[in-house]
Amino acid sequence: MWDSKVTSWKSYIFLIASIVTSLSMILLGPVAQSTSETVTDIIAVFIIVGLIVSIVMSIVTFVSKREKKLIPSIALIITLLNIGVIIYLAWS
């Protein structure tokens, strides 16, 4: 009973950070076209901070022995896609 795995706030924070980072990346283009450069810079910083939070939360959730791994695995896939998009955009 004490060894049962649970889904805690760590998994949900990781998933939310990954999704919000993805949505920020998707909305960066339309926001950049319709607003000033200051707002675009704020969203870019938000994307970087969200990516860092996602990476830290991935380490925290996957190191935890009591944490169920389904939600963190989904969030990890989203985070890896985000990293891939950022690397692709930085490379080209």
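Since we're looking at a predicted model, the values are computed, not measured.
Closest approach of Ser64 to Lys69, counting heavy atoms only: O-NZ, 2.6 Å. Of all heavy-atom pairs spanning Leu28 and Ile43, the tightest one is CD1-CG2, 3.5 Å. Thr61 and Ser11 get closest at one heavy-atom pair: CG2-N, 3.8 Å. Taking both residues in full, the closest heavy atoms of Lys5 and Lys65 are given as NZ-O, 3.4 Å, listed atom of the first, atom of the second, then distance. Across every non-hydrogen atom of Phe62 and Ser73, the tightest pair is CZ-N, 3.8 Å. Counting all heavy atoms, side chain and backbone alike, Ser54 lies closest to Phe14 at O-CE1, 3.1 Å.
Taking OG1 from Thr21 and CD1 from Ile26, the interatomic distance works out to 11.0 Å, rounded to the nearest 0.5 Å. Expressed to the nearest 0.5 Å, how far CZ of Arg66 lies from NZ of Lys10 amounts to 9.0 Å. In this structure, Ile74 CD1 and Thr79 OG1 are separated by 11.5 Å, a value rounded to the nearest 0.5 Å. Met57 CE to Ile13 CD1: the interatomic distance, rounded to the nearest 0.5 Å, is 6.5 Å. The CZ atom of Phe46 sits 15.0 Å away from the CG atom of Asp41 when rounded to the nearest 0.5 Å. Taking CD1 of Ile71 as the start and CD1 of Ile16 as the end, the distance is 10.0 Å to the nearest 0.5 Å.
Val53 and Ile19 end up in different hydrophobic clusters when Ile, Leu, Val, Met, Phe, Trp and Tyr side chains are linked at under 4.5 Å. Residues Val60 and Leu51 do not share a hydrophobic cluster, defined by chaining ILVMFWY side chains whose heavy atoms lie under 4.5 Å apart. Val31 and Ile42 fall into different hydrophobic clusters, where Ile, Leu, Val, Met, Phe, Trp and Tyr are joined by side-chain heavy atoms under 4.5 Å apart, directly or via other members.
Ser8 and Glu67 share a side-chain donor-acceptor pair at under 3.5 Å.
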N/O donor to acceptor pairs below 3.5 angstrom from side-chain atoms of residues 80-90, sequence neighbours left out:
{"unit_1": "Asn82", "atom_1": "OD1", "unit_2": "Ser22", "atom_2": "OG", "d": "2.7"}
{"unit_1": "Asn82", "atom_1": "ND2", "unit_2": "Ser18", "atom_2": "O", "d": "3.4"}
{"unit_1": "Asn82", "atom_1": "ND2", "unit_2": "Ser22", "atom_2": "OG", "d": "3.2"}
{"unit_1": "Asn82", "atom_1": "ND2", "unit_2": "Ile78", "atom_2": "O", "d": "3.4"}

